[in-house]
Amino acid sequence: MRPSVKGLAAARLLVLAMMLAGGAVASAATPGEIAYQGLLSDDGGAPLDGTYDITFALFEAPTGGSAVWSETHDDVTVTAGAFAVDLGSVDSFFDPPTPVSFGRPYWVQITVQVGNGSAAAQTLSPRVPLSSVPYALSARASSSEVTVDCNGAGVTGADVQRAIDEAPIGPLVIDLAGSTCTGNVRIARDDVRIRNGQLVGGTPDFGVVLVQGARRTYLLDLEISGGTTGGNSSFGAGVTVSDGGNLGVESTTIRDNAGDGLTVVENGSVDLWAGAVIRDNGGNGVSVIQNSHLDCNAGAVLVANGGNAMWVSESSSARLIGCVADATMGTPGFEPKGASGVFVNEGSSVRILGDSTVRTNAPGNAAAFAFIGSTLRVRNSGNVIANHAQVPASPLDRSAFALDADINSTIRVDANDSPTELRGSVHSFNQSTVDIRSALITGHVYADGLQTNMRLRSRNSANVNVVDLTKVQSGPGFTAQIVSFEQVTLDSQVEVDGIIDCSLGGQITRTHTNFKDPADGYVNC
């Protein structure tokens, strides 16, 4: 006979009553177990009797996912269907490596071993929601503050970890009191803030700080350094945010780590605020991968030394809002360890929304690069996208690219008022599209490869009621060109201080009569 669980409402009432008596979910400061009661019956509804091995597991969703905690109770006595156990009495909720944070909802999955092991264990369905209780609700509303001064004798980063794991449920502030703590820190509970000191990496693996599934975490007034890549070099050696966790970083420097400064992975999300500086790391400044998201806000600075300032890949997204992404000190290369200010890859998207600066000076890398089905959109005023090698030797000189779209990607530049400055050449390649509605371009513009398009156009701005000019201008030592290997469309008030050339087999379409030919250039079409 297949067992089932019945009387769950009564079980919740019993849990509530025991919570009011003091048997609550808690840390080391209070009892750390949950009294749980239920009814087992067969498929026909008849109560079961006997002893059964029952496994309990906690999940973060009613279906799917992986258990965040589990334990097995052997020889549970079931009388007329009724049983009672204390969850957490076999395997603590708070033991590493995966302490449970009760600041979120959980569902209990129950698996019963029938027939003393002679039959297969049966997992009951559906999972049962673990209800909130008065203690848990009041704990969430309270907060704790712990000072960990690592300059004291025998105090290390392990004490920071212990403070995280053992503090009562609810918001937690850890003040390092200006000290330097050595050792890795793993945050797996919600509402944790670490501030005012230094964290220096210890053993390799996930880097100095790992935010694993925890929400509303915050790093403030810190310096984080000394991380090593360990066995998983894709994870950031400074800070890693994973498993749906989210993090805010303010007035904090992440530097001198062997791998990436910051990695956001597996549905993670990060906000970088004023004073967040990521620099001098061996890999990318920031890597945003696997359906993750990052906002880089005004006053945040990403400086690449060993890779891209920002690498966004695998269906992820990012926004730059007054942020600086600088790869001028990066190592020349391509893809993950290249040196673009922003590299968008594999179906990802990035929006540059105003007063942001993106730049590089590494040969072979654009300041902003959209690659393999990705999208880059530049809008609002005040943006500068610059390649410091602004003197292109030829249209194919990759060392002078400001923008590059390659392999079915799209770039759109659409300022609301003053044009975006593109200091360098603009390139559309391999079934990609670049659509520039308002920009000042210093360099060459060209489309290359099958089914590739470049469109330069301007429009009346509703804000200032003037015509924004898309202008391609010459500079010292070079002549600006619009060169078409494929399709280039020039639409309305485009100025070219140089050459318009479609002699390489492409086509240039001029759709408006008010197009301005350069006085000192020529049209070879």
Quiz prompt | Non-hydrogen atoms of N246 and V241 that approach each other most closely | solution = N-CG1, 4.1 Å
Quiz item: Counting distance only, does the side-chain N/O of N257 pair as donor-acceptor with the main-chain N or O of N281 below 3.5 Å?
Solution: no
Quiz prompt | Under 3.5 Å: donor-acceptor pair, side chain of Q290, backbone of E314 | solution = no
Exercise. Might you point out which heavy atoms bring H427 and V434 nearest each other, and give the distance in Å?
Key: O-CG2, 3.8 Å
Quiz item: Between W311 and F343, does the ring centroid distance fall short of 6.0 Å?
Solution: yes
Quiz item: Between D221, D175, T147, which is the residue that forms a side-chain hydrogen bond (donor to acceptor under 3.5 Å, both in side chains) with N196?
Solution: D175
Practice problem: Scan D435, L403, N383 and name whichever one has a side-chain contact (heavy atoms from CB on, under 4.5 Å) with V413. | Solution: L403
Quiz item: Going by atom types alone, do T360 and N365 pair a side-chain donor with an acceptor below 3.5 Å?
Solution: no
Practice problem: State, with a plain yes or no, whether a side-chain heavy atom of D326 is found less than 4.5 Å away from one of T357. | Solution: no
Self-check item: 4.5 Å side-chain heavy-atom contact, N291 and E266
Solution: no
Practice problem: Please report the C-alpha distance between V155 and V148 in whole Å, then the side-chain angles of each, then the deciding distance to 0.1 Å, and finally whether the side chain to side chain contact (heavy atoms under 4.5 Å, CB included) criterion is met. | Solution: CA-CA 8 Å; V155 183; V148 180; 4.0 Å; yes
Practice problem: Look only at the side chain of T252 and the backbone of L222, and say whether a donor-acceptor pair between them is shorter than 3.5 Å. | Solution: yes
Exercise. Identify the two heavy atoms, one from N408 and one from S432, that lie closest to each other, and give their separation to 0.1 Å.
Key: N-OG, 3.2 Å
Quiz item: Taking atom OG1 of T55 and atom CD of Q113, what is their separation to the nearest 0.5 Å?
Solution: 8.5 Å
Practice problem: Starting at CG of L219, measure out to CD1 of I194 and round the result to the nearest 0.5 Å. | Solution: 6.0 Å
Practice problem: First locate atom OG1 of T420, then atom CD1 of I436, and finally report the distance between them rounded to the nearest 0.5 Å. | Solution: 9.5 Å
Practice problem: Can you measure from CG (D165) to CD1 (I187) and round to the nearest 0.5 angstrom? | Solution: 10.5 Å
Quiz item: Minimum heavy-atom separation for V108 to L58, with atom names?
Solution: CG2-CD2, 3.7 Å
Exercise. Give, for atom CD of E71 and atom OG of S89, the distance between the pair rounded to the nearest 0.5 Å.
Key: 5.0 Å
Exercise. May I ask you to say whether D159 pairs ionically with R162, meaning some side-chain N is under 4.0 Å from a carboxylate O?
Key: yes
Quiz item: Considering the options L262, V288, V239, which one meets the side-chain contact (heavy atoms from CB on, under 4.5 Å) requirement together with V270?
Solution: L262
Quiz item: Can you check side chain to side chain contact (heavy atoms under 4.5 Å, CB included) on I411 and V426, steps first, answer last?
Solution: CA-CA 10 Å; I411 295 177; V426 178; over 6 Å; no
Practice problem: Indicate yes or no: at least one non-hydrogen side-chain atom of N184 is less than 4.5 angstrom from one of L210. | Solution: no
Practice problem: Kindly give the heavy-atom pair with the smallest separation between T217 and R189, and that separation in Å. | Solution: CG2-O, 4.2 Å
Quiz item: Under the criterion salt bridge (charged side-chain N to carboxylate O under 4.0 Å, His left out), which of E145, E223, E250 is the partner of R195?
Solution: E145
Quiz item: If you measure from CG on L176 to SG on C181, what distance do you get to the nearest 0.5 Å?
Solution: 4.5 Å
Self-check item: Criterion side-chain contact (heavy atoms from CB on, under 4.5 Å) against V265, the qualifying member of S242, S316, S287
Solution: S242
Quiz prompt | Any donor-acceptor N/O pair, S70 side chain to A57 backbone, under 3.5 Å | solution = no
Distance-only criterion, 3.5 Å: show the donor-acceptor pairs between side-chain atoms of residues 367-374 and protein atoms not counting sequence neighbours.
from: S374; atom 1: OG; to: N345; atom 2: N; distance (Å): 3.4
from: S374; atom 1: OG; to: N345; atom 2: O; distance (Å): 3.4
from: S374; atom 1: OG; to: E346; atom 2: N; distance (Å): 3.3
from: S374; atom 1: OG; to: G347; atom 2: N; distance (Å): 3.3
from: S374; atom 1: OG; to: S348; atom 2: N; distance (Å): 3.3
from: S374; atom 1: OG; to: F371; atom 2: O; distance (Å): 2.9

Exercise. Flag the pair R359 / V384 as yes when at least one side-chain heavy-atom distance between them is below 4.5 Å, and no otherwise.
Key: no
Exercise. Return the minimal non-hydrogen interatomic distance between N308 and N284, and the atom names on each side.
Key: N-OD1, 2.8 Å
Practice problem: Given side chain to side chain contact (heavy atoms under 4.5 Å, CB included), test V301 with R279 step by step and report yes or no. | Solution: CA-CA 8 Å; V301 178; R279 60 177 304 143; over 6 Å; no
Self-check item: Flag side-chain contact, heavy atom, 4.5 Å: I110 against F56
Solution: yes
Quiz prompt | Contact check, side chains of I278 and V249, non-hydrogen atoms, under 4.5 Å | solution = no
Quiz item: Could you go step by step and tell me if R319 and H293 meet the side chain to side chain contact (heavy atoms under 4.5 Å, CB included) rule?
Solution: CA-CA 8 Å; R319 297 189 304 175; H293 179 77; 4.1 Å; yes
